[in-house]
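Accompanying notes for the structure given below.
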Amino acid sequence: THVTLLAAAQPTPFAPLPSGRWARYLRSMNKAKKLLHTRYRVNDLARTLKFYQEVLGLTEVRRHKSPRGSELVFLKAPESEETIELCHFPNSGPVEVQADLTHLAFQVDSLAEFGRHLASLGLKYSDGPTYKVEGAGGFAFIDAPEGYEIELIQRSPAAAEGNQTY
């Protein structure tokens, strides 16, 4: 049967790997297919959600409570497939973000325009903007409520062609 064939084809530490089309299929099953979401634990879900929506323009795509009681909210940038999962789980203690541990990076059309948007909200960049020598691309950082760093990247024409990050 199909089940017997599948079980027989599973490699063991002592058996040679199968070859041919079936082997390629089995090897493809052992790899991550795509990034689905990145999770960030937060202390104040409402405050953090407001930041990601009003400052960055992300939209909420779903929300639910996990079986262990975590409140989960998934956010998405307009041109991205991947989501950010904000997780509020007070039972695991307060969130203390270590400096330079992790960051999210978002593309913006113009760091100057985004800086004006921040100013209209009473905010400013925590670092930068820093532009390339020719001024065509650059990056800057802002801090999310828990202290997670958010990088904003203005891509240069070369970066748009896939040769550089910014």
Side-chain angles (χ1 to χ4, degrees), residues 27-166:
R27 281 193 301 273
S28 73
M29 292 176 56
N30 296 328
K31 296 178 183 173
K33 299 292 184 185
K34 67 182 197 177
L35 177 65
L36 298 176
H37 69 265
T38 300
R39 175 182 168 211
Y40 281 94
R41 274 196 52 238
V42 301
N43 291 315
D44 186 335
L45 185 59
R47 179 176 174 229
T48 303
L49 185 57
K50 181 178 180 180
F51 171 86
Y52 281 94
Q53 290 176 320
E54 293 183 8
V55 176
L56 297 173
L58 305 186
T59 56
E60 183 177 323
V61 293
R62 71 182 180 278
R63 171 190 296 245
H64 68 273
K65 191 168 280 238
S66 77
R68 67 179 192 158
S70 299
E71 292 181 63
L72 307 174
V73 178
F74 292 82
L75 302 168
K76 185 175 161 314
E79 296 180 28
S80 295
E81 283 187 45
E82 300 84 10
T83 57
I84 299 166
E85 174 188 335
L86 299 180
C87 172
H88 183 247
F89 188 54
N91 294 344
S92 63
V95 175
E96 296 178 20
V97 177
Q98 182 179 338
D100 293 324
L101 177 66
T102 185
H103 74 270
L104 296 170
F106 294 94
Q107 181 179 338
V108 296
D109 290 331
S110 165
L111 290 170
E113 286 296 319
F114 197 84
R116 285 189 277 282
H117 164 67
L118 290 175
S120 75
L121 298 170
L123 302 170
K124 63 180 183 174
Y125 289 123
S126 57
D127 184 8
T130 302
Y131 292 96
K132 292 175 81 171
V133 175
E134 67 274 8
F139 61 92
F141 289 89
I142 56 174
D143 293 326
E146 270 74 23
Y148 294 112
E149 287 185 319
I150 307 292
E151 182 178 14
L152 292 309
I153 298 174
Q154 176 183 316
R155 297 188 81 197
S156 67
E161 294 171 8
N163 300 326
Q164 302 171 23
T165 302
Y166 62 93

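The chain is numbered in sequence order, starting from 1. Quick note: numbers below take in every heavy atom, side chains included, and nothing from hydrogens, waters or symmetry partners.
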Anything under 30° is parallel, anything over 60° is perpendicular, the rest tilted; go ahead and classify F74 against H64. parallel
I'd like to know if the side chain of S70 and the backbone of F89 have a donor-acceptor N/O pair within less than 3.5 Å. no
Any donor-acceptor pair under 3.5 Å from H88 side chain to L72 backbone: no
Could you tell me whether a side-chain N or O of E149 sits under 3.5 Å from a main-chain N or O of H103, the two making a donor and an acceptor? no
Contacts of K34 meeting salt bridge (Lys or Arg N to Asp or Glu O under 4.0 Å) (sequence neighbours excluded), chain-then-number -> E81
Minimum heavy-atom distance between R63 and L49, given as atom pair plus value: NH2-CD2, 3.1 Å
Suppose we screen for ring-ring contact (aromatic ring centres under 6.0 Å, His included). Which residues come up paired with Y125, at least two apart in sequence or across chains? none
Do the non-hydrogen side-chain atoms of L86 and F51 ever get within less than 4.5 Å of each other? no
Is a donor from one side chain sitting under 3.5 angstrom from an acceptor on the other, for E146 and T48? yes
Should we say atom CG of N91 is surrounded by more than 12 heavy atoms from elsewhere, each under 6.0 Å from it? yes
What heavy-atom pair brings R41 and P94 nearest, and what distance separates the two atoms? NH2-C, 4.3 Å
Tell me whether K76 contacts the main-chain N or O of S80 through its side chain, where contact means a donor paired with an acceptor under 3.5 Å. yes
Test of understanding: with ring-ring contact (aromatic ring centres under 6.0 Å, His included), list the residues that count as partners of F106, not counting sequence neighbours. none
